[in-house]
Asks: 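Mind having a look at this structure? Questions to follow.
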Amino acid sequence: MTRDNDNFISLQSRAIKANAVNAAFFVSIHCNAASDPNAGGTETYCATGSKQGEELARAIHRPLVTATGLKDRGVKAASFYVLRCTKMPAVLIELAFISNEKEEHLLKDTAFQEKVAEAIAKGIIAYTKG
């Protein structure tokens, strides 16, 4: 874990910490936002060109979409700092849109948070079993 509270930690520091401890995976969990209050859904990113990152993203994304019941926005490649500067397979998950009132309520719900955590864990386990 790069943090266990709401204190800001730079993207560089997050990647450095993950690399320093030789983490097996890097999973960055976020809430999405958009100017359109109707935008919604779950999407998972991997580093552009990372075969292992894409495999991890797909393994996590499948159970995550099932668990959230939200629109499947897919697995996408990107050049986000934490994806390209970590040495291990890395994903960035956009759970739901905080700018969407319905999804914002879900994000605050403890039961939803637990379902999401379990889905991410299931995806990681599925990835490790190949």
Side-chain angles (χ1 to χ4, degrees):
M1 296 219 4
T2 59
R3 62 184 176 162
D4 57 9
N5 56 38
D6 202 22
N7 292 338
F8 177 78
I9 298 175
S10 73
L11 300 176
Q12 182 181 24
S13 293
R14 295 174 204 192
I16 288 170
K17 184 173 183 178
N19 291 335
V21 299
N22 294 315
F25 311 104
F26 186 90
V27 179
S28 190
I29 303 169
H30 297 260
C31 301
N32 216 337
S35 57
D36 178 359
N38 296 312
T42 301
E43 59 194 359
T44 306
Y45 289 89
C46 61
T48 303
S50 172
K51 185 177 186 300
Q52 288 181 318
E54 183 177 352
E55 290 172 4
L56 177 60
R58 291 193 184 286
I60 291 172
H61 190 73
R62 283 187 287 274
L64 190 56
V65 168
T66 300
T68 64
L70 299 175
K71 177 182 176 183
D72 182 351
R73 295 176 60 92
V75 171
K76 302 173 180 179
S79 186
F80 299 143
Y81 188 91
V82 294
L83 298 179
R84 73 176 191 278
C85 293
T86 46
K87 296 176 183 176
M88 66 290 300
V91 298
L92 187 146
I93 301 166
E94 295 284 6
L95 292 176
F97 281 72
I98 199 163
S99 53
N100 175 311
E101 189 175 344
K102 178 183 169 190
E103 293 188 10
E104 178 187 13
H105 289 294
L106 284 174
L107 289 163
K108 293 177 181 178
D109 181 70
T110 303
F112 180 81
Q113 294 169 8
E114 289 176 10
K115 282 196 311 188
V116 164
E118 288 175 11
I120 293 169
K122 284 180 186 177
I124 292 170
I125 291 166
Y127 173 80
T128 61
K129 292 184 177 184

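Values in this document were obtained by computation on a predicted structure and should not be read as measured data. The analysis underlying the following values was restricted to heavy atoms, covering all of them including side chains, and did not include hydrogens, waters or symmetry mates.
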Asks: Spell out, yes or no, whether Leu56 and Val75 are grouped together once hydrophobic residues are joined by side-chain heavy atoms under 4.5 Å, including indirect joins.
Replies: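 In one cluster with Leu56: Val75, no.
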Asks: Say whether Ile93 and Leu83 are linked into one hydrophobic cluster, either directly or through other cluster members, by side-chain heavy-atom distances under 4.5 angstrom.
Replies: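 No; Leu83 is not reachable from Ile93 via cluster members.
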Asks: To the nearest 0.5 Å, what is the distance between SG (Cys85) and CD1 (Ile16)?
Replies: 9.0 Å
Asks: To the nearest 0.5 Å, how far apart are OG in Ser50 and CZ in Arg84?
Replies: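 One gets 13.5 Å once the value is rounded to the nearest 0.5 Å.
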Asks: Rounded at 0.5 Å granularity, tell me how far CD in Gln12 sits from NZ in Lys17.
Replies: 15.0 Å
Asks: Under 4.5 Å between side-chain heavy atoms, counting indirect links through other Ile/Leu/Val/Met/Phe/Trp/Tyr residues: same cluster for Leu70 and Phe97 or not?
Replies: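 Shared cluster, no.
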Asks: Rounded to the nearest 0.5 Å, how far apart are NZ of Lys76 and NE2 of His61?
Replies: 9.0 Å
Asks: Please name the pair of heavy atoms, one in Tyr45 and one in Ala78, separated by the smallest distance, quoted to 0.1 Å.
Replies: CD2-CB, 3.6 Å
Asks: Does Leu11 have any side-chain contact (heavy atoms from CB on, under 4.5 Å) partners at least two apart in sequence or in another chain, and if so, which?
Replies: Arg14, Tyr81, Val82
Asks: Considering only distance and modelled atom types, tabulate donor-acceptor pairs under 3.5 Å from the side chains of residues 112-121, sequence neighbours left out.
Replies:
from	atom 1	to	atom 2	distance (Å)
Gln113	NE2	Leu107	O	2.8
Lys115	NZ	Ala67	O	3.4

Asks: Nearest 0.5 Å, please: how far is NZ in Lys51 from CD in Glu54?
Replies: 8.5 Å
Asks: With no hydrogens and no angle check, is any side-chain donor or acceptor of Ser99 less than 3.5 Å from a backbone partner on Ala34?
Replies: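 Checked: pair present.
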Asks: Could you give me the CA-CA distance, side-chain angles and deciding distance for Asn19 and Thr86, then say whether side-chain contact (heavy atoms from CB on, under 4.5 Å) is met?
Replies: CA-CA 6 Å; Asn19 291 335; Thr86 46; 4.0 Å; yes
Asks: Would you check if Leu95 and Leu64 make a side-chain contact, meaning some heavy-atom pair closer than 4.5 Å?
Replies: yes
Asks: Check residues 22-32 and write down every donor-acceptor pair under 3.5 Å in which the side-chain atom is one partner and the other belongs to a residue at least two apart or another chain.
Replies:
from	atom 1	to	atom 2	distance (Å)
Ser28	OG	His30	NE2	2.7
Asn32	ND2	Glu43	OE2	2.8

Asks: How long is the straight-line distance from CG of Asn38 back to CD of Glu101, given to the nearest 0.5 Å?
Replies: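 One gets 10.5 Å once the value is rounded to the nearest 0.5 Å.
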Asks: Looking at every non-hydrogen atom in both residues, tell me the closest pair between Glu94 and Leu92 and how far apart they are.
Replies: OE2-CD2, 3.8 Å
Asks: Please test Arg58 against Tyr127 for side-chain contact (heavy atoms from CB on, under 4.5 Å), starting from the C-alpha separation and ending with a verdict.
Replies: CA-CA 9 Å; Arg58 291 193 184 286; Tyr127 173 80; over 6 Å; no
Asks: State yes or no: do Val91 and Phe80 share one hydrophobic cluster built from I, L, V, M, F, W and Y residues joined by side-chain heavy-atom distances below 4.5 Å, directly or via other members?
Replies: no
